Amino acid sequence: MAIKTTRAVGVDIGGTGIKGAIVDLAAGTLLTDRIKVATPAGAEPDDVLDAVRVVLDRLEVREENIPLGVAFPAIVKRGRTLSAANVSDAWIGFEAEHFFEDGLGREIHFANDADVAGVAELRYGAAREQAGLSILTTLGTGIGTAMIHDGVLIPNSELGHLQRAGHKKDAEAWAAYSAMERDELSWEKWAERLQWYYRHLEFLLSPDLFIVGGGVSKHADQFLPLLDLSTPIVPAVHRNNAGIIGAAALAVA
Ligand code: BGC
């Protein structure tokens with residue numbers, strides 16, 4: 001009888017923190033505490049690899065034969081990272097999946113961080129059985145997006161980099177959670193920026209549902225009620241753990 005894998009490790013590399021946990025794939029929940037280390041300054045490949053090793057050591061899974069999914073904050077195509085908004089430029093055009101596999105001495109599944117969060121919400125959360133177009137946005141150091149249409153992920157949407165007419169800063173530089181912190185905005189002032197952003201997405205893509213992830217989604221009641229949109233907007237069921245859960249889920253085909 002084939003043994004079905006029920007556990008996998010998810011590691012979610014972000015612009016500010018690198019988080020990991022062992023995930024129960026049947027339930028889509030964390031089986032361990034979440035381990036978090038700071039993303040090394042400059043986020044150079046060797047330093048990020050070392051930090052991922054620390055996370056795996058603290059989870060005591062470095063030697064274990066358990067599937068591992070790694071999520072990264074950049075465009076990821078066929079294992080290569082093609083952009084670098086909040087990490088070192090060394091990642092642009094870099095064979096990142098091979099780099100992690102060589103450095104960790106094991107296979108991994110490698111994908112964009114927002115896309116894997118979208119997969120987590122599709123399998124275990126707010127996008128489950130949702131018809132039409134769901135757009136998950138992660139509000140963190142940057143803005144990541146995952147587009148899911150009738151249960152199918154359209155990867156690498158990068159809608160955090162929409163340009164604002166007449167402005168130098170793109171959407172993420174203006175409206176990410178890091179912009180709220182940087183500019184010391186109240187919830188109301190930040191919500192004005194989010195209002196512009198989600199309205200713009202709504203106008204361009206006519207979605208059926210917005211899902212809001214990222215660390216700040218735990219405070220969703222402070223800012224989602226301030227938005228006036230035609231599209232329903234809900235927090236990610238798995239909040240900031242969606243990246244870990246989705247990365248782990250994708251590690252098992
Ligand atoms: C990157 C995306 C990423 C997002 C969230 C953006 O700056 O371009 O690839 O998903 O940040 O981390």
Side-chain angles (χ1 to χ4, degrees), residues 10-20 36-45 48 51-52 55 69-94 96-97 100 109-122 127 134-148 153-164 167-182 193-194 197-198 200-201 205 210-217 235-236 238-247 250:
V11 174
D12 183 8
I13 299 171
T16 309
I18 300 179
K19 307 174 283 282
K36 184 171 179 184
V37 302
T39 303
E44 295 293 339
V48 171
V52 170
V55 171
V70 177
F72 195 83
I75 299 168
V76 177
K77 268 190 110 95
R78 288 179 282 279
R80 274 160 67 99
T81 40
L82 300 184
S83 64
N86 296 300
V87 290
S88 157
D89 283 352
W91 296 94
I92 300 174
F94 187 63
E97 184 168 1
F100 282 111
H109 182 278
F110 189 67
N112 171 266
D113 58 350
D115 283 343
V116 306
V119 167
E121 290 296 311
L122 173 61
S134 301
I135 301 180
L136 173 132
T137 57
T138 61
L139 302 174
T141 313
I143 295 182
T145 59
M147 288 178 49
I148 297 160
L153 174 75
I154 304 154
N156 292 312
S157 49
E158 293 293 333
L159 299 172
H161 297 294
L162 284 176
Q163 212 57 45
R164 295 185 306 141
H167 292 268
K168 285 203 180 112
K169 285 183 181 170
D170 65 9
E172 87 168 17
W174 173 246
Y177 180 56
S178 59
M180 179 191 182
E181 292 185 308
R182 182 195 62 220
R193 298 186 183 188
L194 294 176
Y197 181 58
Y198 288 106
H200 196 47
L201 288 181
L205 295 159
F210 284 124
I211 304 167
V212 180
V216 73
S217 60
H238 298 285
R239 302 292 200 271
N240 207 20
N241 290 336
I244 295 175
I245 295 169
L250 283 168

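Everything quoted here is computed from the prediction, not taken from an experiment. Atoms within each ligand, like the ligands themselves, are counted from 1 in listed order.
- The ligand atoms of ligand 1 that sit less than 4.0 angstrom from a heavy atom of N86 are 7 (O).
- For atom 12 (O) of ligand 1, the nearest non-hydrogen atom from the set D113, L82, I143 belongs to D113.
- Residue contacts with ligand 1, taken as heavy atom pairs separated by less than 4.0 Å, do not involve T145 at all.
- Considering backbone and side-chain N/O atoms, A74 comes within less than 3.5 Å of an N/O atom of ligand 1.
- Considering only non-hydrogen protein atoms, atom 11 (O) of ligand 1 sits nearest to E172 OE1, 3.6 Å.
- At least one N or O atom of H161 sits closer than 3.5 Å to an N or O atom of ligand 1.
- Under 4.0 Å from ligand 1, the heavy atoms of N112 that appear belong solely to its side chain.
- Within ligand 1, counting atoms from 1 as listed, the ones closer than 4.0 Å to a heavy atom of G144 are 4 (C), 5 (C), 10 (O).
- In terms of protein heavy-atom proximity, atom 9 (O) of ligand 1 is nearest to E158 OE2, 2.5 Å.
- Using a 4.5 Å heavy-atom threshold, the side chains of L201 and T137 count as touching.
- Of the residues V55, V52, V87, the one that meets the side chain to side chain contact (heavy atoms under 4.5 Å, CB included) test with I13 is V52.
- The shell of residues lying under 4.0 angstrom from ligand 1, judged by heavy atoms, excludes G140.
- In this structure, L153 and L122 have side chains that are not in contact, with every pair of non-hydrogen atoms separated by 4.5 Å or more.
- Other residues, nucleotides and ligands contribute only 12 or fewer heavy atoms inside 6.0 Å of the CZ atom of R78.
- Among residues two or more places apart in sequence or in another chain, the ring-ring contact (aromatic ring centres under 6.0 Å, His included) test is passed with Y197 by none.
- Put simply, the side chain of Y177 does not reach to within 4.5 Å of the side chain of T16, judged on heavy atoms.
- Side chains of V116 and D12 form no contact here, defined as non-hydrogen atoms less than 4.5 Å apart.
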